[in-house]
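Report on one structure; see the data block that follows.
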Amino acid sequence: MSKKEEKIIQLPYSITVRDLAALLNNSAVQVIKILMSNGVMASINQTIDFDTAAVVATELGFEPLLEEDEEVVEDIGEMPLWRRVILKEDPSKLINRPPVITILGHVDHGKTTLLDAIRNTNVAGGEAGGITQHIGAYQITHKDRLITFMDTPGHAAFSSMRARGAQGADIVVLVVAADDGVQPQTREAANHAKAAQVPIIVALNKIDKADANLDRVKTQLSEIGLQPDEWEGNTFVMPVSAKGRIGLDDLLETILLVADNQMIKANPKGQCIGTVVEAKLEKSRGSLATLLVQNGTLKVGDVIVAGESTGKIKAMFDQRQKRISKAGPSTPVVVMGLNAVPEAGDLFQVVESDREGRTIVADRKAAREAKKNVKRATLEELFSRYKSGEAKELRLVLRADVQGSLEPITNELEKLSKDQKDISVKILHAEAGNITESDVMLAAASDAVVMGFDVNIDQGAQRLADAEGVSIRLYKIIYRLVEDVEKALKGLLEPEMVEKTIGKATVLATFKVSKGGTAAGCRISSGEFRRNAQVRVLRDSEELAKVEIASIRREKEDVRDVREGMECGITLKNYEAFEVGDILECFVIEKFGG
């Protein structure tokens, strides 16, 4: 091996200053000095992109190369597909693209007001025509540089994008009100952004209010892992007032500063791929989709596939409803021509022909049908992935009845993590309260398990978990929860037996049967009832009984099952106390993850 070959070093597409120093067998101080001499101010924990790291490596006598795609994917976890496309591009053809920003935060802390203030400030600064149409994303110009804002409705939508492989944002701006401080949704939004490995800038809003307390909020931010940079942390906390238009320029400057330390690049002439921001159906114009181009250039006449829809682009409009013929990286556009309405968060890509587009959509629909009954991310499956080398950590979303229950649970799980050499427990989010749709979406996007202590599951959350194949485990005793996680880490956990609701019915009447006892005359409102299943009897949402079905009769005949819309008579084993208006839920017990 020659001396030159020994100096070749492979670098990931992004790396912290600390890790770069270790990789180059040098001190972090020396690396920071070289960065400063090249005009880059970075702290020891700050992430820098490949190009910046390559400058440091070259000055220290190394020949830097970008890591292969597979190695990079292993390094950062679930990388969005469009990022993988960019990594396969010729590095010499990559150019800087505008950063894409998502604004998250607690309700009423000023997300919408901040977006409007930024947009209106830009218009007041001379942007011709203004933005006349809400398209879910828009661009502004600050100091001759473009910034793209994605107007997502919240962190659940942000995670929905991640679950579909999109993750459109390069940077998250977390809005926190200076008079209200860190709230449950603030923590939740921060955890969604951390799970996505996206840099966070805090916009400390409402600083002009009389009861604003900046130091108190900064302390709260430190407690959730967002240490302000002025307190030697790595999170920029920018004081602003959206209503008073205070600090907006500083916030935009900070966005560009953070963007300069990321690998925010694309090849305008490369493969065209991006994200569906939102979509709708209009009577006069058909399917309209707002697309965010993330690599390549989208043109009128291109054939695209977006989720399970496809079509040739007939027309394309910018944020001012002006017809345009092409759009480059980080540009949001509205397109006409798709044969169906895609879902927000779907990836889109340009394909060669209509025929190829239809084939891809048909394959995706078939794959979705095949996937319907496939469960993922159970504790047992995650351990099997660890054994095969696919997973390095067990990711959990935790919910407990009160904040006081969370602390002993998280402490015990952290102890478990320290005891395991090769696999760790990572708690993505821990909060008091019932399990919500947002928890399920975070778990779906991050391949995590949702665990609840002494809580219930919101109805929408259960439906979403069934659709996404997310495992939810409920416990009444803390040590049982911890014990199950420990068994999962050691591969000893028994398959979980779960109740799966397959049908619901309403009791319309009650009557005596010839063999004695009482039957319920019911109408099946959804799903089906099977004779070999069990039934939950509910009255005013309270569970009265859980028993096996004795018989199902329809038009005086015994039947094996009845479906939605049918009326029937149902008798249960050892239960007769039906009342008109009771709800019956039919369920089966299934082995989950075995």
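In what follows, every heavy atom counts, from backbone to side chain, and hydrogens, waters and symmetry copies are set aside. Position 1 is the first residue of the sequence, and the numbers go up from there.
Residues passing the side-chain contact (heavy atoms from CB on, under 4.5 Å) test with L281, sequence neighbours excluded: S287, V341. For F529, the ring-ring contact (aromatic ring centres under 6.0 Å, His included) criterion is met by no residue, not counting sequence neighbours. Every side-chain contact (heavy atoms from CB on, under 4.5 Å) that V402 has, sequence neighbours left out, goes to S405. Applying the side chain to side chain donor-acceptor pair (under 3.5 Å) test to E548 and every residue at least two apart in sequence or in another chain returns K573. E543 pairs by the salt bridge (Lys or Arg N to Asp or Glu O under 4.0 Å) definition with R536, not counting sequence neighbours. Applying the side chain to side chain donor-acceptor pair (under 3.5 Å) test to R187 and every residue at least two apart in sequence or in another chain returns E431. Annotation: side-chain contact (heavy atoms from CB on, under 4.5 Å) contacts of T113 (sequence neighbours excluded): A242, K243. With sequence neighbours left out, the side chain to side chain donor-acceptor pair (under 3.5 Å) criterion links K209 to D179. The ring-ring contact (aromatic ring centres under 6.0 Å, His included) test applied to H109 returns H106, not counting sequence neighbours. Under the side chain to side chain donor-acceptor pair (under 3.5 Å) criterion, T506 pairs with no residue at all, not counting sequence neighbours. The side-chain contact (heavy atoms from CB on, under 4.5 Å) search around A212 returns A178, L214, not counting sequence neighbours. Every residue meeting the salt bridge (Lys or Arg N to Asp or Glu O under 4.0 Å) condition with K476, not counting sequence neighbours, appears here in chain and number order: D454.
Formation of a donor-acceptor pair under 3.5 Å by the D401 side chain with backbone atoms of V455 is not found in this model. No donor-acceptor pair under 3.5 Å is formed between the side chain of E278 and the backbone N or O of T290. With hydrogens and angles ignored, the 3.5 Å screen pairs no side-chain donor or acceptor of S309 with any backbone N or O of V305. The backbone N or O of E579 sits less than 3.5 Å from a side-chain atom of D582, completing a donor-acceptor pair.
Between the side chains of T275 and Q294, at least one donor-acceptor pair of N or O atoms lies under 3.5 Å.
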